[in-house]
Asks: 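Please find one structure pasted underneath; my questions will follow.
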Amino acid sequence: MKTINGQTLKQMLISGGNNLYNHYPEVDALNVFPVPDGDTGMNMNLTMTSGAKEIQNRSDADVYEIAKAFSRGLLMGARGNSGVITSQIFRGFAQGLEGKSEINAVEFADAWQKGVEVAYKAVIRPVEGTILTVVRESSQYLHDNIKPSYTIDRAMELLIKEAHESLKRTPELLPILKEVGVIDSGGAGLIYIFEGMREAINGSFVERNQATAMEKDSPIIAAGASMEEEEFGYCTEFIMELGPDSVKKPFNEKRFTNILNSHGNSLVVVRDENIVKVHVHTLTPGNILNYAQQFGEFLKLKIENMTEQHHQLATGAMVEQHTDLVPEPEKEEEPKEKTEYAMIAVSSGAGIDQFFGDIGVNEIVKGGQTMNPSSQDFLAAIKHANARNIFIFPNNSNILMAASQAADMVEDEEVNVYVIPSKTIPQGISASIMFNPEVSPEENFEEMKGALTNVKSGEVTFAIRDSEINGVKVKKDDFIGIMEKEIVSDNKNKLEVLKVLLSRMVDDSSSLITLICGEDVTDAEVEEAKKYIAETFEYLDLDLHMGEQPVYSFLVGVE
């Protein structure tokens with residue numbers, strides 16, 4: 001194939017996304033740290049899915065129009081650093097195709113060079129040995145070896161060949177990869193995309209597997225459950241009681257929501273303590289129910305065939321309306337006058353939500369480790385905040401880029417968005433407390449950024465596999481203490497891990513310990529932690545909160 005047009009590119013991009021979907025659990029498994037946040041594959045998958053939905057029904061013949069629409073979808077759905085970088089690669093790729101209706105192999109190679117340029121500019125401090133290295137080296141190899149006589153499929157072969165070689169070299173560029181014995185996960189995900197694109201060129205379009213594991217050791221949900229808005233399928237509603245933990249898997253609301261959302265639409269998930277209410281439109285309700293039953297038992301179930309309902313409506317028959325599980329839709333309100341200031345924070349637990357609200361945060365974006373919000377989530381929060389000057393606290397290093405990308409996408413010229421580069425919840429708390437409505441936005445921004453340097457952050461979570469990092473041996477299912485991205489302790493007892501973590505974090509200049517307890521911490525453990533801190537660090541103040549966050553038993557801040 002000497003040239004490709006918009007429709008061929010569309011098939012290539014969707015095929016690439018499908019191939020990543022079929023392999024994203026393998027990408028997740030390449031996580032460097034043995035903590036439950038290996039979501040690179042999931043983030044890239046959800047990002048690519050967002051792009052695919054933008055072009056699924058487009059009939060443009062121009063490659064630029066397809067690439068531009070795909071890029072827009074990626075930007076809106078970008079999650080995590082890997083998803084944002086992926087979106088920037090294809091944003092540059094689209095820019096490289098501007099004004100073109102079809103392209104040859106040389107123009108194809110030039111577009112990837114533009115993708116590299118844009119992606120590197122988007123990252124403040126690019127790290128080699130990552131997806132950036134893989135796309136840069138493979139694109140450069142393609143550019144250096146392409147000939148006008150080559151076909152597009154020959155160009156893809158060159159791109160993929162060097163991408164594999166580059167991926168093999170990532171452990172030599174990033175020492176932590178070599179220490180743990182893995183290759184870069186983002187680079188691996190990019191190669192799956194490339195390979196899916198190649199299959200489409202060769203006439204073997206990649207379909208989503210009917211059996212891709214949603215989570216490691218989880219029941220399989222059929223890929224056929226994914227559906228577009230215009231499809232009918234089944235309206236599936238249920239009320240489920242969670243637990244007990246002795247026989248059911250721990251429930252992570254954001255992870256649960258993300259997985260259901262990628263296999264249906266019109267999703268509503270409402271949690272009230274140990275009761276979860278779900279409404280979703282899906283083509284395969286049985287698979288949704290099998291997945292959900294890992295976490296609890298059903299108290300109420302209702303499944304209705306919307307295709308049949310559509311037929312009854314078309315023929316004038318009456319259809320019963322069911323709204324008992326679905327919140328009333330919000331009524332359209334008249335536009336309100338913008339306030340001067342608003343704050344938006346990412347939070348991962350009901351107790352943390354409340355604490356942020358108590359200190360003046362106006363909007364909460366649900367997210368954290370294993371559940372990274374998209375740029376679209378931030379845009380929605382910015383719109384709802386309805387203020388002229390908005391401060392965003394991402395509170396996670398893997399969410400910072402999505403927040404910054406959303407800030408750049410705001411089209412309202414009256415709105416100024418400032419992203420405070422908080423990488424932990426304790427940092428976000430300390431920075432947001434600094435807000436002063438009496439000073440200018442720029443002064444607030446500088447004060448809040450300055451507050452970040454006064455906070456040491458740590459957390460206690462559990463290990464998902466055996467590992468050894470920086471001389472610390474970690475055993476699967478043990479609790480581990482992490483200080484500023486360094487694993488400092490491993491023990492079967494979470495309180496013993498907390499004690500070691502605090503001993504590393506507290507020094508002579510410390511005056512305040514903030515301790516945020518997760519949903520797995522018992523009342524007895526809270527009391528023991530309080531007693532230990534009072535006896536060991538008697539001159540320090542303790543700010544204790546029941547954060548109810550999943551994944552992390554304790555979040556610790558020392559100032």
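Hydrogens, waters and symmetry mates are skipped; everything else that's a heavy atom, side chains included, is used. This one's a predicted model, so the numbers in the text were calculated from it and none came from an experiment.
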Asks: I would like to know whether V63 and I66 meet side chain to side chain contact (heavy atoms under 4.5 Å, CB included); could you show each step before the answer?
Replies: CA-CA 5 Å; V63 288; I66 289 295; 5.9 Å; no
Asks: Is any side-chain heavy atom of M434 closer than 4.5 Å to one of K449?
Replies: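 When only atoms from C-beta onward are counted, M434 and K449 do not touch, as no gap falls below 4.5 Å.
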Asks: Any pair with a residue in residues 116-134 that passes salt bridge (Lys or Arg N to Asp or Glu O under 4.0 Å), sequence neighbours left out, goes on the list, sorted by first then second residue, please.
Replies: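 Counting only pairs at least two positions apart or across chains, the salt bridge (Lys or Arg N to Asp or Glu O under 4.0 Å) contacts touching residues 116-134 are K114-E117, E117-K121, E128-R136.
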Asks: Working to the nearest 0.5 angstrom, can you tell me the gap between D377 CG and M76 CE?
Replies: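 Answer for the CG-CE pair, D377 versus M76, is 9.5 Å.
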Asks: Is the backbone of N416 close enough, under 3.5 Å, to the side chain of N389 for a donor and an acceptor to pair up by distance?
Replies: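 No; judged by distance alone, with no hydrogens or angles, the pair does not exist.
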Asks: Are more than 12 heavy atoms, taken from residues, nucleotides or ligands other than K423, located less than 6.0 Å from that residue's NZ atom?
Replies: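 Not buried by this count: 12 neighbours or fewer within 6.0 Å.
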Asks: If you draw a 6.0 Å radius around CD in Q376, do more than 12 non-hydrogen atoms from other residues or ligands fall strictly inside?
Replies: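 Check passes, neighbour count above 12.
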Asks: I'd like to know if D412 and K338 make a salt bridge, using a cut-off of under 4.0 Å between side-chain N and carboxylate O.
Replies: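 A salt bridge links D412 with K338.
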Asks: Kindly say whether Q427 contributes a backbone atom to a donor-acceptor pair with the side chain of S430 at under 3.5 angstrom?
Replies: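 No.
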Asks: So, for L400 and P394, which heavy atoms are closest and what is the spacing to 0.1 Å?
Replies: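 Scanning both residues completely, I find the closest heavy atoms to be CD1-CG, 3.7 Å.
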Asks: How far does CZ of R504 sit from CD of E486, to the nearest 0.5 angstrom?
Replies: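 With rounding to 0.5 Å, CZ (R504) is 5.5 Å from CD (E486).
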Asks: Given side chains that start at C-beta, do those of F90 and L13 come closer than 4.5 Å, heavy atoms only?
Replies: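 SC-SC contact between F90 and L13 confirmed.
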Asks: Look at the rings of Y341 and F391 and say which category their plane angle falls in: under 30° parallel, 30 to 60° tilted, over 60° perpendicular.
Replies: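 Taking F391 first and then Y341, their aromatic rings lie parallel (interplane angle under 30°).
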Asks: Kindly say whether V551 contributes a backbone atom to a donor-acceptor pair with the side chain of T461 at under 3.5 angstrom?
Replies: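 Indeed, once roles are kept as given, a pair shorter than 3.5 Å links the two residues.
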Asks: Do the non-hydrogen side-chain atoms of M44 and Y192 ever get within less than 4.5 Å of each other?
Replies: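 Not in contact.
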Asks: Scan side-chain atoms only and decide if S15 and N18 contain a donor-acceptor pair under the 3.5 Å cut-off.
Replies: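 No, no side-chain donor-acceptor pair sits under 3.5 Å.
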Asks: Determine, for R388 against E340, whether the closest basic-nitrogen to carboxylate-oxygen distance falls under 4.0 angstrom.
Replies: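 Result for this pair is yes, salt bridge flagged.
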Asks: Calculate, to the nearest 0.5 Å, the distance between atoms CG and SG belonging to L555 and C517 respectively.
Replies: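 With rounding to 0.5 Å, CG (L555) is 9.0 Å from SG (C517).
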Asks: Under 30°, 30 to 60°, or over 60°: which ring-plane class applies to F256 and Y291, parallel, tilted or perpendicular?
Replies: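 F256 vs Y291 ring planes: parallel.
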Asks: For residues K10 and I55, report the shortest heavy-atom separation together with the two atoms involved.
Replies: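 For K10 versus I55, the nearest heavy atoms are CE-O, 3.3 Å.
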Asks: With L190 as reference, evaluate V134, T86, I85 under the side chain to side chain contact (heavy atoms under 4.5 Å, CB included) test and give the passing residue.
Replies: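 The passing option is V134.
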Asks: Quick one: are L498 and L515 in side-chain contact, heavy atoms under 4.5 Å?
Replies: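 Yes, at least one pair of side-chain atoms sits under 4.5 Å.
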Asks: Could you tell me if the side chain of L159 sits less than 4.5 Å from the side chain of S139, heavy atoms only?
Replies: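 S139 vs L159: side chains touch.
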Asks: Between M343 and I359, which heavy-atom pair has the shortest distance, and what is it?
Replies: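 Closest pair (atom of M343, atom of I359, distance): CE-O, 4.1 Å.
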Asks: Between atom CD1 of I191 and atom OG of S138, what is the distance when rounded to the nearest 0.5 Å?
Replies: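 The CD1 atom of I191 sits 8.0 Å away from the OG atom of S138.
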Asks: Any salt bridge linking K366 with E253? Criterion: basic side-chain nitrogen under 4.0 Å from a carboxylate oxygen.
Replies: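 No, K366 and E253 are not salt-bridged.
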Asks: Treating D184 as the side-chain partner and I131 as the backbone partner, does any N or O pair qualify as donor plus acceptor under 3.5 Å?
Replies: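 Here the side-chain-to-backbone pair exists.
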Asks: Which atom pair, heavy atoms only, marks the closest approach of A451 to A431?
Replies: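 Scanning both residues, the minimum pair turns out to be CB-CA, 4.0 Å.
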Asks: If you measure only the distance, is there a donor-acceptor pair under 3.5 Å linking the side chains of S553 and D520?
Replies: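 Checked: S553/D520 side chains pair up, N/O donor to acceptor below 3.5 Å.
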Asks: Side chain to side chain contact (heavy atoms under 4.5 Å, CB included), that's the test. Do F70 and E54 meet it? Break it down for me.
Replies: CA-CA 6 Å; F70 183 70; E54 283 291 317; 5.9 Å; no
Asks: To the nearest 0.5 Å, how far apart are OH in Y552 and OG1 in T424?
Replies: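 Result: 11.0 Å between the selected atoms.
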Asks: May I ask you to decide if N372's main-chain N or O and D39's side chain share a donor-acceptor pair within less than 3.5 Å?
Replies: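 Here the side-chain-to-backbone pair does not exist.
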Asks: Answer yes or no: is there a side-chain heavy-atom contact under 4.5 Å between N395 and F356?
Replies: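 The answer is yes; the side chains approach within 4.5 Å.
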Asks: Within a strict 4.5 Å, meaning less than it, do heavy atoms of the L174 and V127 side chains meet?
Replies: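 In contact.
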Asks: Where the side chain of E363 meets the backbone of A345, is there a donor-acceptor pair that is under 3.5 Å apart?
Replies: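 No, because the side chain of E363 does not come within donor-acceptor range (under 3.5 Å) of the backbone of A345.
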Asks: Rounded to the nearest 0.5 Å, what separation is found between the CD atom of E447 and the CD1 atom of I433?
Replies: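 With rounding to 0.5 Å, CD (E447) is 13.5 Å from CD1 (I433).
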Asks: Would you please test M483 and L501 for side chain to side chain contact (heavy atoms under 4.5 Å, CB included) and show each step?
Replies: CA-CA 7 Å; M483 183 181 76; L501 180 62; 3.8 Å; yes
Asks: Please confirm whether the backbone N or O of M197 pairs with a side-chain atom of N19, one donor and one acceptor, at under 3.5 Å?
Replies: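 Side chain of N19 to backbone of M197, a donor-acceptor pair under 3.5 Å: no, none is there.
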Asks: Would you name the heavy atoms of L75 and Q405 that are closest together and state the gap between them?
Replies: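 So the two residues come closest at O-NE2, 3.2 Å.
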Asks: Under 3.5 Å, is there a donor-acceptor pair between the side chain of Q549 and the main chain of I516?
Replies: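 Confirmed, Q549 side chain pairs with I516 backbone.
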Asks: Ignoring hydrogens and angles, state whether a donor on the side chain of T40 or N43 is under 3.5 Å from an acceptor on the partner side chain.
Replies: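 Checked: T40/N43 side chains show no N/O donor-acceptor pair below 3.5 Å.
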Asks: Checking N362 side chain against A385 main chain: does a donor-acceptor pair fall under 3.5 Å?
Replies: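 No, the answer is negative, given that no donor and acceptor are paired below the 3.5 Å cut-off.
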Asks: Strictly distance-based, threshold 3.5 Å: is any side-chain N or O of T47 a donor or acceptor partner for the main-chain N or O of R79?
Replies: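 Checking the backbone N and O of R79 against the side chain of T47, a donor-acceptor pair under 3.5 Å is found.
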Asks: I need the minimum non-hydrogen distance between P171 and L177, along with the two atoms involved.
Replies: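 In terms of heavy atoms, the two residues are closest at CA-CB, 3.8 Å.
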Asks: Would you check, one step at a time, whether the test side chain to side chain contact (heavy atoms under 4.5 Å, CB included) holds for I392 with I382?
Replies: CA-CA 9 Å; I392 298 180; I382 290 168; 3.9 Å; yes
Asks: So do I14 and Q56 actually touch side chain to side chain, heavy atoms under 4.5 Å?
Replies: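 Yes, their side chains come closer than 4.5 Å.
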